[in-house]
Colleague: 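Attaching a single structure in structure tokens format; questions to follow.
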2 protein chains.
Amino acid sequence: MQGWESIRAEVLSRIQTRLWPPGGLIPSEEALALEFGCARATVNRALRELALQGVLERKRKAGTRVAALPIRKATLDITVIRHDIASRGQSYSFHVLSQGLSHPPLMVAARLGLPERILMIHLQTLHLADGKPYLVEDRWLNPAILPDPSPDFTRQSANEWLVANVAYTTGDIAFSAEPANLAEAAALNVPPGTALFITERATFAGDHPITWVRLSHRPGYRLQTVL
Amino acid sequence: MQGWESIRAEVLSRIQTRLWPPGGLIPSEEALALEFGCARATVNRALRELALQGVLERKRKAGTRVAALPIRKATLDITVIRHDIASRGQSYSFHVLSQGLSHPPLMVAARLGLPERILMIHLQTLHLADGKPYLVEDRWLNPAILPDPSPDFTRQSANEWLVANVAYTTGDIAFSAEPANLAEAAALNVPPGTALFITERATFAGDHPITWVRLSHRPGYRLQTVL
DNA sequence: GAGTGGTCTAGACCACCAA
DNA sequence: TGGTGGTCTAGACCACTCC
């Protein structure tokens, strides 16, 4: 093995064997470049990667330390719902439950930084995998970002229209567990109060609020990833 | 603004304005380096970053394309429980509910790739924030990795002993929502069936199984991050 | 075969910040 | 104020893969 990956592996190995203990200072990039017989840029690439991963902590002048309490970073892939279902080999379909213009709940307006009294597009959509309920989408859209006339969300889901037509740059996402309310229970065909996995996301293009969405997943849903 | 970050910003801007549409090919690194008046390595750094983020798709010879269906990557920080609580300004404490040697459930053994009939250390711990139940930890430990005599997990939590003494390299993590079982309900002081946010994690050092743990969070827990 | 991204080099300048 | 990481350059070779 060669290249910066071999250096990353060697550094990780020295950390695991406690040759470089947690909290300890490791040699400078220059020293390591000399030891490994490579350019400093190559060492930099390896150490930068490990710092991103949370294994190392780097500061100018202070040097590079092994993280005392490593903060592992897990990465989750946020995909289009259709892809999520299709990649499991199931057929995808969706059904718009309701659609209209109304005032958003206080929480939604607050999350998007919009006045409470604004009128937003409210969409409730059921997504199905192999014809069975997969998740309920409760979405509030900022009408200011839509073209005139507004797209037909019964043909192309709002989810996909947005990724195709609004290249968003920022947002935040939250996961939680909540009991199914009456609407969710009816849509997913489960008893009210059933534990549901909830994804909530607010999306902005720059400072411009785009949409807020809440996804209520069917029971048994798992969000998985590797560390 | 200068440097590779300005190039990343410019590329992002061209994507958002549809100058470079989704699925479209963008100029080669060499061409962009010429246009921006910088070295190819600088362009490479910017494009590589965007590819990691899921905005671009890169292939040798084929060139660089704007991702047609962008797969956004959310990163979650996996911390030590004590830190999680302390960073919210609350005081941390924990209490071992039960401790012993027994045969793991089939699912735990399977996840770790261990035979079902092996004896593992089984620990149930309640973690508290400001003296109130915060989460229940249900952990199975591979005894093979423990020193003799075994550490006293009533003094230092298994969670922290592991990060301090076993530098693990791999693992997987899953999030779900489940109704509280009787033990969880009693520990967290909530009615059975309450929707709980569950984190399950399997940890390995190389191919060597270390531990499997299930964290049942108190109601209202949210896992949040920015995109 | 040829064009692209992936990586490496040797050198350089700079920003930061602990001593 | 000196040492460290952060970044950039100009050039080079290679691996991959589409044509």
Side-chain angles (χ1 to χ4, degrees), chain A residues 1-15 19-71 73 75, chain B residues 1-15 19-71 73 75:
Chain A
M1 179 156 60
Q2 276 182 13
W4 66 271
E5 292 188 292
S6 71
I7 296 181
R8 178 180 60 181
E10 174 61 23
V11 169
L12 260 181
S13 155
R14 293 186 185 183
I15 292 173
L19 181 62
W20 293 342
L25 208 56
I26 79 174
S28 74
E29 291 188 351
E30 202 170 357
L32 289 174
L34 192 64
E35 181 195 339
F36 293 132
C38 68
R40 183 166 78 93
T42 308
V43 174
N44 178 276
R45 175 71 187 275
L47 298 188
R48 182 159 38 85
E49 210 84 9
L50 287 170
L52 254 183
Q53 203 183 325
V55 176
L56 296 176
E57 287 169 358
R58 319 195 72 194
K59 257 189 288 193
R60 281 165 159 116
K61 167 68 178 173
T64 301
R65 292 181 173 282
V66 179
L69 288 176
I71 299 181
K73 262 102 174 162
T75 64
Chain B
M1 180 158 57
Q2 276 183 13
W4 66 270
E5 292 188 296
S6 71
I7 296 181
R8 178 180 60 181
E10 174 61 22
V11 169
L12 259 182
S13 154
R14 292 187 186 182
I15 292 173
L19 181 62
W20 293 341
L25 209 56
I26 79 173
S28 73
E29 292 188 350
E30 203 170 355
L32 289 174
L34 192 63
E35 181 195 339
F36 293 131
C38 68
R40 185 166 77 92
T42 308
V43 174
N44 177 276
R45 174 72 187 275
L47 298 188
R48 182 159 39 84
E49 210 85 8
L50 288 169
L52 254 183
Q53 203 182 324
V55 175
L56 296 176
E57 288 169 357
R58 319 194 73 194
K59 257 189 289 194
R60 282 166 160 119
K61 166 68 178 175
T64 301
R65 292 181 173 282
V66 179
L69 288 176
I71 298 182
K73 263 101 175 164
T75 64

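Within every chain, numbering begins at 1; the chains are lettered A, B, ... in the order of the sequence lines, protein sequences first and strands thereafter.
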Colleague: Whole angstroms only, please: what is the CH2-P distance between A:W4 and C:dT9?
Modeller: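 Taking atom P of C:dT9 as the reference, CH2 of A:W4 is at 14 Å.
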Colleague: May I have the distance from B:R8 (atom CZ) to D:dG6 (atom C1'), rounded to whole angstrom?
Modeller: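 Distance check: B:R8 CZ to D:dG6 C1' gives 14 Å.
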Colleague: Tell me, which pairs form a salt bridge (charged side-chain N to carboxylate O under 4.0 Å, His left out) where one or both residues lie in residues 43-52 of chain B, sequence neighbours left out?
Modeller: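 Counting only pairs at least two positions apart or across chains, the salt bridge (charged side-chain N to carboxylate O under 4.0 Å, His left out) contacts touching residues 43-52 of chain B are B:R45-B:E49.
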Colleague: Provide, to the nearest angstrom, the distance between the CG atom belonging to B:N44 and the P atom belonging to C:dC8.
Modeller: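 It is 11 Å, rounded to the nearest whole Å.
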Colleague: Does OP1 or OP2 of C:dT4 have a side-chain N or O of B:T64 closer than 4.0 Å?
Modeller: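 For C:dT4, OP1/OP2 do not have a side-chain N/O of B:T64 under 4.0 Å.
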Colleague: Within the structure, does a side-chain N or O atom of B:R58 lie under 4.0 Å from either OP1 or OP2 of C:dG6?
Modeller: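 Yes, because at least one side-chain N or O of B:R58 sits under 4.0 Å from OP1 or OP2 of C:dG6.
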Colleague: State which residues pass side chain to side chain contact (heavy atoms under 4.5 Å, CB included) with A:L12; sequence neighbours excluded, sorted by chain then number.
Modeller: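 A:Q16, A:L50, A:V55.
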Colleague: In whole Å, I'd like the distance from the CZ atom of A:F36 to the P atom of C:dT7.
Modeller: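 Interatomic distance, CZ of A:F36 to P of C:dT7: 18 Å.
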Colleague: For B:L56 and C:dG5, what is the distance between atoms CG and P respectively, to the nearest whole Å?
Modeller: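 In whole Å, C:dG5 P and B:L56 CG are 11 Å from each other.
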Colleague: Could you run down nucleotides 11-19 of chain C 5' to 3' and tag each one B, S or - for protein heavy-atom contact under 4.0 Å?
Modeller: -B--BBBB-
Colleague: Using whole Å, report how far CD1 of B:I7 lies from P of D:dT7.
Modeller: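 Checked: the CD1 to P distance equals 13 Å.
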Colleague: Within this structure, what is the OG1-CD distance for the pair A:T42 and A:E5, rounded to the nearest 0.5 Å?
Modeller: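 It comes to 12.0 Å.
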Colleague: Tell me: CG of B:L25 to P of D:dC18, nearest whole Å?
Modeller: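 To the nearest whole Å, that distance equals 12 Å.
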Colleague: To the closest 0.5 Å, what do you measure between CD (A:Q53) and OG1 (B:T75)?
Modeller: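 The CD atom of A:Q53 sits 12.5 Å away from the OG1 atom of B:T75.
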Colleague: Find out whether A:L56 and A:I15 are in side-chain contact, i.e. whether some heavy atom of one side chain is under 4.5 Å from a heavy atom of the other.
Modeller: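 A side-chain contact under 4.5 Å exists here.
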Colleague: Think A:T42 has a side-chain N or O under 4.0 angstrom from the OP1 or OP2 of C:dT7?
Modeller: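 It does not, given that no N or O in the side chain of A:T42 lies less than 4.0 Å from OP1 or OP2 of C:dT7.
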Colleague: Identify every side-chain donor-acceptor pair in residues 60-69 of chain B under 3.5 Å, counting partners at least two apart or on other chains, and give the distances.
Modeller:
unit_1: B:T64; atom_1: OG1; unit_2: B:R58; atom_2: NE; d: 3.1
unit_1: B:T64; atom_1: OG1; unit_2: B:R58; atom_2: NH2; d: 3.4
unit_1: B:R65; atom_1: NH1; unit_2: B:G23; atom_2: O; d: 2.8

Colleague: Taking only distance into account, with no hydrogens and no angle test, what donor-acceptor pairs under 3.5 Å do side-chain atoms of residues 30-39 of chain A form with protein atoms, sequence neighbours excluded?
Modeller:
unit_1: A:E35; atom_1: OE1; unit_2: A:R14; atom_2: NH1; d: 3.4
unit_1: A:E35; atom_1: OE2; unit_2: A:R14; atom_2: NH1; d: 3.3
unit_1: A:E35; atom_1: OE2; unit_2: A:R14; atom_2: NH2; d: 2.5

Colleague: Taking atom C1' of C:dG6 as reference, at what distance in whole Å does atom CZ of A:R45 sit?
Modeller: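 Atom CZ in A:R45 sits about 8 Å away from atom C1' in C:dG6.
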